[in-house]
Amino acid sequence: MTADPSPDASDAPVAPGRWCVLGRGAGDRIGAVDVDASGRAGEPVEFTPAELAAFVRDREACSAPRWVWSDTVHWLPRLLDEGVRIERCHDLRLTHAILRGSEFVSDRLALAEATEWSRAPVETEPESRGAALFDLEEAADSARTVPHGLAEAREEFARQRAVLDAVSGEPGARLRLLLAAESAGALVAAEMRAAGLPWDSEEHDRILRDALGPRPARGAKPARMGELAEAIGRELGARNLSIDSQPKLLGALRRAGIDVGSTSRWELAEHEHPAIAPLLQYKKLARLLSANGWAWIDDWVREGRYRPVYVPGGVVTGRWASSGGGALQIPRLLRPVIRADPGWMLVSADVSQLEPRVLAAMSGDRAMAAAGRGRDLYDGIVESGIVETRQEAKIAVLGAMYGSTTGDSGRLVPRLRRSFPRAMRLVDEAAAAGERGGIVTTWLGRSSPAPSAEWFEVQARAQRSGATAADEARARRSARDFGRFTRNFIVQGTAAEWALAWLAETRLRLSRLPEARGARATASGSAFSSRAHLAFFLHDEVIVHTPIEQAEDAAAAVEAAAAAAGRLLFGSTDVDFPLDVRVAERAAKH
DNA sequence: ATGTCAGAGCTG
DNA sequence: CTTCCAGCTCTGACAT
C-alpha cells in the first residue's frame with residue numbers, strides 16, 4: 001500500500017465536500033467516509049441500504065461531493081429509481097482501467113497487481129428476461145465484478161491517488177480530466193438507460209409492414225420475403241432454394257453461371273443477372289427482420305421506451321460499446337421511430353468531421369484548422385486546391401486516419417501530407433510506433449494495448465535465420481496491421497475524449513435548467529420526467545429529450561457544451577467543432 | 001445437445 | 001488485388 005487514507009497525526013476535522021467514498025460495510029450495511037484534498041479520511045458512517053437514497057440526497061444538497069464508488073452500474077440505478085440524481089462521481093473500475101494502461105503513469109505495476117479491479121462490466125439481458133435475472137445477478141456478482149466493499153474501495157482509491165499524485169504537470173492535468181470525463185460518462189450511460197429512449201413502436205411496426213408485409217406467425221417468413229425468394233429461385237432455376245443458407249445459395253448462384261466467391265452485397269452487385277436485384281432486396285429485408293424486426297420490439301421496448309445497455313469504455317479506444325439490443329447499430333431507416341412524448345421535443349445534434357478536427361487540434365496543424373474553421377472541413381480542403389471534389393477530400397482524410405495505401409484513398413493521401421505536414425506526421429508516427437510493437441497514447445492519456453504474444457512471435461520468426469519469404473511477408477503484414485490500429489487509435493481515442501467532455505458538459509448544463517412546469521414525460525422515471533435529459537449518444541451525436549418550453553435552452557446547452565469541450569481539452573485552439581443541431585418531434589434519418 | 005466460429009450487414 | 005479503423009448481433013455451419 002503506497003498511501004493510507006485513514007486519519008494521520010493531525011486531528012483537524014475532515015470537511016465534507018471533496019470526496020465521499022461509498023461501499024458495503026459490515027453485514028448488510030452500507031458505509032460512507034469523507035476524504036479531503038490531502039487524502040485524509042473522516043469518521044465513517046453506516047446506514048442500511050434502505051437509507052442510502054436519503055443519505056446521498058442530503059449530501060448532494062449540502063456539499064455535492066464527488067462520490068467514489070466501485071462501479072456506477074452497481075450503485076446508480078437504485079438511486080435513480082428513487083429519484084436521486086448526483087452531480088459527479090469517480091468510478092473506480094473505469095479509472096483503474098485507464099490508469100493501469102496509461103503511459104503517463106509511471107507506477108502502473110501497483111495497479112496491475114490489484115487484479116480484482118480489472119473486471120469487465122456485467123452484461124445485461126433484454127427487459128423481458130430482466131425480472132428473473134435480478135436475483136441471479138447478486139449470486140454471480142462476486143466472481144465477475146469488482147469488489148463493492150467500503151474497505152476495498154478506500155484501498156483502491158488511495159492507490160489511484162498515490163499513482164496519480166506522481167504524475168505532474170500537463171499530463172497530470174489531462175489524466176485528471178480524463179478520469180472525470182470517463183466517470184461522468186458512466187453517469188450519463190446509467191441515466192440514459194433509466195430515462196430510456198422514447199420509441200414509437202407503432203411507427204416501427206408501420207415501417208416493418210411497409211417493407212415486409214404483415215407480421216407473420218412465429219417462425220414463418222414474411223410475405224414480401226416469400227415472394228422475393230420465389231422470384232430468386234425461378235431466376236436461378238433452383239426451386240425450393242433455401243436462401244438463408246450461405247453454401248446452398250452460393251452453389252445455386254454458381255450453377256446459374258454467376259461466378260462469385262461469396263454472397264456479399266458488393267460482390268453480387270458486380271454481376272448482371274435477373275436474380276441479383278431480388279436477391280439484394282431479399283438480403284436487405286432479412287437483415288431488417290432479424291436485427292430490428294418484431295421480435296426486437298418485443299424484447300427491447302416497454303411502455304414507449306427503448307432502454308439500451310451502454311458500456312462506457314467498452315472499446316479499447318475509449319469509445320462506448322453497447323450490449324444487448326444493438327443500441328449503436330440502429331439503422332438510419334428507423335431513426336424516425338425515435339419520437340418525443342406529447343408536449344416534448346427532441347434536440348438532435350452531431351459534430352461535423354469530429355475526428356479530423358481533433359487531429360488538427362492535437363497536432364497543432366494550423367493549415368488544417370484553417371481549412372475547417374467556420375465551414376465544412378472537406379469543402380475547405382477543396383477550396384485550398386488540394387483536391388478537386390468534396391468526395392475526394394473525404395476519402396483522402398479518412399485514408400490518412402485509417403492508413404489506406406491502395407486505391408483512390410492511397411493515391412490522395414500524399415497530397416494531404418504536403419498540405420498538412422504536422423497532422424500527417426502525428427498519425428504517421430503513431431503508425432510507425434505500432435509497426436515496431438509499441439504503444440501510443442491519446443491527448444488525455446489513454447494508451448493503446450500492446451500487441452499480443454502471437455504478434456511478437458510472428459515478428460521474431462521472420463528474424464530467425466531459417467525464415468521463409470512467407471514468414472517475412474506475414475510479419476510485415478501483421479506489423480502494418482498493428483500500425484494502422486495505433487494510427488487510428490490516437491485519433492479515434494481523442495475524439496472519444498472530446499465527445500465525453502461534450503456529453504459531461506451537456507449533462508451538467510441540462511441538470512441546471514429549472515424544472516419544467518408543463519407536460520410530464522410518460523415513462524422516463526421520476527428523475528427525468530419533468531426536465532430535459534440526454535436520451536441517446538452515438539460517438540459524435542446526441543439526442544436530448546426535452547419539454548417544449550425548454551427546447552431552446554436545451555439546444556443552447558448542447559451548443560455551449562461543445563464549445564466548452566474544445567476549451568477543456570485543447571485550451572485556446574484555432575480549431576472549432578461546429579454542430580448540426582435540429583429541434584423536432586422525431587429524430588431525422590439524416 | 002451444447003458451444004464456438006465465420007459470414008454478413010448495420011453504426012460512426 | 002483483397003479498401004481501411006472501431007464495434008454488435010444474428011444466422012447457419014461445424015466441432016465437441
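All of these numbers come straight from a predicted model, not from anything done at the bench.
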| field | Side-chain touch A:Y306/A:I330, heavy atoms, less than 4.5 angstrom | value |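 Counting from C-beta outward, A:Y306 and A:I330 do come under 4.5 Å.
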Taking any heavy-atom pair under 4.0 Å as a contact, classify [X]: base, sugar-phosphate, or nothing.
| X | answer |
| --- | --- |
| A:A321 | sugar-phosphate |
| A:W266 | sugar-phosphate |
| A:L354 | nothing |
| A:G325 | sugar-phosphate |
| A:E355 | nothing |
| A:S262 | sugar-phosphate |
| A:S409 | nothing |
| A:V491 | nothing |

Selected nucleotide, minimal atom distance to [X] side chain, candidates [options]:
| X | options | result |
| --- | --- | --- |
| A:S245 | B:dC10, C:dG12, C:dA6 | C:dG12 |
| A:S290 | C:dT2, C:dC10, B:dA8 | C:dC10 |
| A:S264 | C:dA6, B:dG9, B:dC10 | B:dG9 |
| A:S404 | C:dG7, C:dC5, C:dT3 | C:dT3 |
| A:H539 | C:dC5, B:dC10, B:dG12 | B:dG12 |
| A:R265 | C:dA6, B:dG9, B:dT11 | B:dG9 |
| A:R287 | B:dT11, C:dG7, B:dG9 | B:dG9 |
| A:R332 | B:dG12, B:dA8, C:dG7 | B:dG12 |
| A:R484 | C:dC5, B:dG9, B:dT11 | C:dC5 |

When the distance from [atom1] of [X] to [atom2] of [N] is rounded to whole Å, what number comes out?
| X | N | atom1 | atom2 | answer |
| --- | --- | --- | --- | --- |
| A:D481 | C:dA6 | CG | P | 9 Å |
| A:F489 | C:dC4 | CZ | C1' | 18 Å |
| A:M401 | B:dG12 | CE | C1' | 11 Å |
| A:Y306 | C:dC8 | OH | P | 13 Å |
| A:L334 | C:dC8 | CG | P | 20 Å |
| A:Q281 | B:dG9 | CD | P | 13 Å |
| A:Y402 | C:dT2 | OH | P | 22 Å |
| A:I543 | B:dG12 | CD1 | C1' | 14 Å |

| field | Toward the 5' end of DNA chain C, by each residue's nearest nucleotide, A:V316 or A:G403 | value |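 It is A:G403 whose nearest nucleotide is closer to the 5' end.
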| task | Report the relative orientation of the aromatic rings in A:H539 and A:F537; use parallel for angles under 30°, tilted for 30 to 60°, perpendicular for over 60°. | result |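 Perpendicular: the ring planes of A:H539 and A:F537 meet at over 60°.
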| query | Which is it for A:W498 and A:F570 under the ring pair (Phe, Tyr, Trp, His ring centres under 6.0 Å) test, yes or no, and what are the steps along the way? | reply | CA-CA 9 Å; A:W498 184 95; A:F570 303 112; 8.9 Å; no
| said: So for atom CZ, which belongs to A:R474, do other residues, nucleotides or ligands contribute more than 12 heavy atoms lying within a distance under 6.0 Å? | reply: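 No, the 6.0 Å shell around CZ holds no more than 12 heavy atoms from other groups.
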| said: Using atom P in both nucleotides, what's the gap between B:dA8 and C:dT2 to the nearest angstrom? | reply: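 Those two atoms are separated by 14 Å.
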| query | Using the C1' atom in both, what is the distance from B:dG9 to C:dC1, to the nearest Å? | reply |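 That atom pair is separated by 23 Å.
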Looking at [X], I'd like to know whether one of its side-chain N or O atoms comes within less than 4.0 Å of OP1 or OP2 on [N].
| X | N | value |
| --- | --- | --- |
| A:T406 | C:dC1 | no |
| A:R319 | C:dG7 | no |
| A:R480 | C:dC4 | no |
| A:K283 | B:dA8 | no |

| message | Tell me whether A:D71 contacts the main-chain N or O of A:V73 through its side chain, where contact means a donor paired with an acceptor under 3.5 Å. | response |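 Yes, A:D71 side chain to A:V73 backbone: donor-acceptor pair under 3.5 Å.
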| query | So, A:T494 versus A:T442: side-chain donor-acceptor pair below 3.5 Å or not? | reply |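 There is no such pair between these side chains.
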| Would A:T95 and A:E182 count as having a side-chain donor-acceptor pair, cut-off 3.5 Å? |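 Note: A:T95 and A:E182 side chains miss the donor-acceptor criterion.
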